[in-house]
Amino acid sequence: MKRASVCDIIKVHGKGVKKRGEPGLFPDMEEKMDREEIREGILALLTELHEDVDYEDETGLVDGKVLDSFDLVTLVTELNEEFDVEVTARDFVPENFNSLESLTDMIERLLDE
């Protein structure tokens with residue numbers, strides 16, 4: 001059984017939940033995901049990797065070796081799948097992965113491209 005994706009079900013504008021493919025959920029639809037929805041999705045992915053890390057305050061996920069190379073490969077794969085983006089070698093730099101905020105910035109940028 002395939003696990004539910006963090007973006008398959010997401011609250012939108014406090015009106016319950018919408019599922020992937022329903023209008024208004026993803027950027028290629030009528031309505032773009034807002035920063036908070038992106039941030040919550042990334043936080044869910046990070047928490048799956050290490051639930052004992054305080055991602056709200058951590059600013060050295062890569063530089064502080066909180067995430068190892070396997071974690072980063074897993075995270076990139078999940079980000080690509082969950083947000084329908086392509087994290088490329090150009091994006092794969094510590095500055096984009098050191099914090100929840102920098103990850104959110106990167107995904108927002110990739111969604112806008």
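Predicted model, so just to flag it, every value in this text is computed and none were measured.
- No side-chain N or O of Thr74 forms a donor-acceptor pair with one of Thr77 less than 3.5 Å apart.
- In this structure, CD in Glu58 is found 5.0 Å from CG in Leu61, a value given to the nearest 0.5 Å.
- Phe97 is linked by a ring-ring contact (aromatic ring centres under 6.0 Å, His included) to Phe92, counting only residues two or more places apart in sequence or in another chain.
- Rounding to the nearest 0.5 angstrom, the gap separating the CG atom in Leu72 from the CG atom in Leu79 is 10.0 Å.
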Q: Check the pair Leu100 / Asp57 against side-chain contact (heavy atoms from CB on, under 4.5 Å), numbers first and verdict last.
A: CA-CA 8 Å; Leu100 176 58; Asp57 294 324; over 6 Å; no

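- Looking only at side-chain heavy atoms (C-beta outward), Val53 and Leu67 stay at 4.5 Å or farther from each other.
- Across Asn98 and Val62, no two heavy atoms sit closer than the pair OD1-N, 2.9 Å.
- Closest approach of Phe83 to Ile107, counting heavy atoms only: CG-CG2, 3.8 Å.
- Taking CZ of Arg39 as the start and CG of Leu46 as the end, the distance is 10.5 Å to the nearest 0.5 Å.
- Taking CD of Glu48 as the start and CG of Leu75 as the end, the distance is 10.5 Å to the nearest 0.5 Å.
- Atom-to-atom distance recorded for Leu45:CG and Glu40:CD is 12.0 Å, nearest 0.5 angstrom.
- Judged by distance alone, the side chain of Glu86 and the main-chain N or O of Thr88 form no donor-acceptor pair under 3.5 Å.
- When side chains are defined from C-beta on, Thr104 does not count as touching Leu43, because their heavy atoms never get closer than 4.5 Å.
- Proximity of a side-chain donor or acceptor of Glu81 to a complementary backbone N or O of Glu78 within less than 3.5 Å is not detected.
- Comment: Asp71 does not engage Lys65 in a salt bridge, judged by the lack of any side-chain N to carboxylate O separation of less than 4.0 angstrom.
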Q.
Set out, in order, the CA-CA distance, both residues' side-chain angles and the distance that settles side-chain contact (heavy atoms from CB on, under 4.5 Å) for Asp105 and Arg35, then state yes or no.
A. CA-CA 8 Å; Asp105 291 343; Arg35 183 174 178 84; 2.8 Å; yes

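- Side chains of Asn96 and Asp91: a donor-acceptor N/O pair is absent below 3.5 angstrom, by distance only.
- Counting only heavy atoms from C-beta outward, the side chains of Tyr55 and Thr47 approach each other to under 4.5 Å.
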Q: Mind running side-chain contact (heavy atoms from CB on, under 4.5 Å) on Glu56 and Glu101 for me, showing each step along the way?
A: CA-CA 8 Å; Glu56 299 289 339; Glu101 294 307 314; 5.6 Å; no

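- In this structure, Asn80 and Val87 approach most closely via the heavy-atom pair OD1-N, 2.7 Å.
- Residue-environment remark: CD (Glu51) stays at or below the threshold of 12 foreign heavy atoms within 6.0 Å.
- At a threshold of 4.0 Å, the pair Arg90-Glu113 counts as salt-bridged, since one of the basic side-chain nitrogens sits closer than that to a carboxylate oxygen.
- Looking at Glu82 and Ile42, their side chains never come closer than 4.5 Å, going by heavy atoms from C-beta outward.
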